[in-house]
Number of protein chains: 2
Amino acid sequence: MENSRTSPTAHELRVWRDFLETGDRLRSLLGARLQAESGLSTGDYAVLLALSEAPGRRLRSSSLADVIDWERSRLSHHLGRMESRGLVAREASAADSRGAEVVLTPLGASQFRRASASHLRAVQELFVEAFASDGTGGSLREVELVTRSLRLHLADG
Amino acid sequence: MENSRTSPTAHELRVWRDFLETGDRLRSLLGARLQAESGLSTGDYAVLLALSEAPGRRLRSSSLADVIDWERSRLSHHLGRMESRGLVAREASAADSRGAEVVLTPLGASQFRRASASHLRAVQELFVEAFASDGTGGSLREVELVTRSLRLHLADG
DNA sequence: ATCTCCTAGTTGACATGTCAATCATATGAG
DNA sequence: CTCATATGATTGACATGTCAACTAGGAGAT
């Protein structure tokens with residue numbers, strides 16, 4: 001079998017563009033709903049989610065950056081904005097006086113809880129239910145397979 | 001069958017998060033490559049692609065916005081930046097003097113051709129080849145099914 | 001201690017995205 | 001024709017993201 005072409009075929013390219021556009025559309029719908037129903041951006045949500053799952057609802061700034069896979073400067077800017085809205089607070093680290101600990105404030109926690117309920121509903125409606133129908137389209141199992149192939153492929157290359 | 005839950009199960013949520021993260025990762029890798037190999041952002045690429053596929057390599061500004069699904073103000077800002085780099089030009093429309101036509105410049109066309117070759121290679125390597133392997137993971141056919149389910153689901157809801 | 005190098009985090013400049021307001025030009029009702 | 005309104009596009013203010021430079025504090029060698 002001679003394969004390993006250097007460019008996609010027209011069909012592969014169409015699949016790619018559809019995949020890309022559909023993903024964009026899904027993100028944008030979910031983001032808009034989140035914003036409308038809770039006043040939080042998807043960035044805010046990612047930060048609050050990571051903090052709310054962390055022991056003590058606090059994380060070192062760089063661990064937080066690792067967890068949500070953001071550049072540190074991006075996180076720093078974003079935390080500044082969130083801090084000014086009272087969603088998180090920054091405290092000096094006891095262990096390493098260079099470090100900062102990011103703490104979820106009560107306000108942040110309560111906003112996150114409200115947002116979370118509505119966001120999970122939206123994920124259910126817009127994502128999960130897309131695969132719940134009859135047998136004509138893809139199933140959640142197929143989403144898993146596709147995602148896994150991609151994830152593994154990107155891990156090394 | 002009682003279904004129609006209001007929130008995803010833990011498993012569905014994991015599938016969703018993986019799907020989201022993997023998509024982000026793929027976009028970010030492709031974008032970084034494009035930038036490194038051609039000096040164009042993915043936004044630049046979308047604009048140049050739409051123009052290069054248009055008859056006469058020109059489009060009314062609002063048609064262009066429709067084609068690439070951008071807000072008009074976003075497009076306007078972006079065209080300003082691209083114009084100052086000499087990639088596109090804006091001309092008054094003959095038919096409607098409110099309108100502007102966006103034209104691909106020779107420089108824009110040549111940059112796009114160079115970028116396109118390398119970008120297609122990247123799509124092949126990072127996306128298509130993820131599904132070319134043995135039978136353990138997802139195939140391109142499954143990507144199509146999954147995408148189609150999502151696209152149809154998002155179209156009405 | 002002091003030197004060098006490493007790590008944590010912030011900052012500033014600038015690119016990009018969104019939203020609401022604006023401007024100029026159509027377009028249709030009278 | 002003239003007015004009210006709709007449309008095409010730009011603008012300005014501001015949120016967000018990236019990159020490179022910077023500050024400050026550890027950690028190891030001598």
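Chain A is the first sequence line, chain B the second, and so forth, proteins listed ahead of strands; every chain is numbered from 1.
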- Test for a donor-acceptor pair under 3.5 Å between the base of C:dT7 and the side chain of A:R98, counting only N and O atoms. yes
- Query: Checking only heavy atoms, does the side chain of A:H77 share a donor-acceptor pair with the base of C:dG9 at less than 3.5 Å?
  - Reply: no
Can you tell me the distance, in whole Å, between the [atom1] atom of [X] and the [atom2] atom of [N]?
X: A:D44; N: D:dA15; atom1: CG; atom2: C1'; answer: 10 Å
X: A:L64; N: C:dG9; atom1: CG; atom2: C1'; answer: 13 Å
X: B:W70; N: C:dG17; atom1: CH2; atom2: P; answer: 6 Å
X: B:R85; N: C:dT16; atom1: CZ; atom2: P; answer: 6 Å
X: A:R81; N: C:dT10; atom1: CZ; atom2: C1'; answer: 13 Å
X: B:E101; N: D:dT10; atom1: CD; atom2: P; answer: 12 Å
X: A:R72; N: D:dG17; atom1: CZ; atom2: C1'; answer: 16 Å
X: A:E83; N: D:dA15; atom1: CD; atom2: P; answer: 16 Å

- Query: Can you get from B:L29 to B:L40 by hopping between Ile, Leu, Val, Met, Phe, Trp and Tyr side chains that sit under 4.5 Å apart?
  - Reply: no
- In terms of the angle between their ring planes, are A:H78 and A:W70 parallel, tilted or perpendicular, with boundaries placed at 30° and 60°? perpendicular
- Task: Can you label the angle between the A:F127 ring and the B:W16 ring as parallel, tilted or perpendicular, going by 30° and 60°?
- Result: tilted
Counting only side-chain heavy atoms from C-beta out, which of [options] sits nearest to [X]?
X: A:S61; options: D:dT10, C:dG9, C:dG17; answer: C:dG9
X: B:S73; options: D:dT11, D:dG8, D:dT16; answer: D:dT11
X: B:R60; options: D:dT16, D:dG8, C:dA26; answer: D:dG8

- Hey, does A:R90 reach any base, or is it just sugar-phosphate, or nothing, if we go heavy atoms under 4.0 Å? sugar-phosphate
- Query: Looking for any heavy atom pair under 4.0 Å, which part of the strands does B:S76 touch: base, sugar-phosphate only, or nothing?
  - Reply: base
- Message: Under a plain distance cut-off of 3.5 Å, with no hydrogens placed, do B:D66 and B:S63 share a side-chain donor-acceptor pair?
- Response: no
- Given C:dT7, is OP1 or OP2 found less than 4.0 Å from the side-chain N or O atoms of A:S62? no
- Query: Are side-chain heavy atoms of A:L120 and B:L13 found at a separation under 4.5 Å?
  - Reply: yes
- Which residue, A:S41 or B:A100, contacts DNA chain D at a nucleotide closer to its 5' end, judged by nearest heavy atom? B:A100
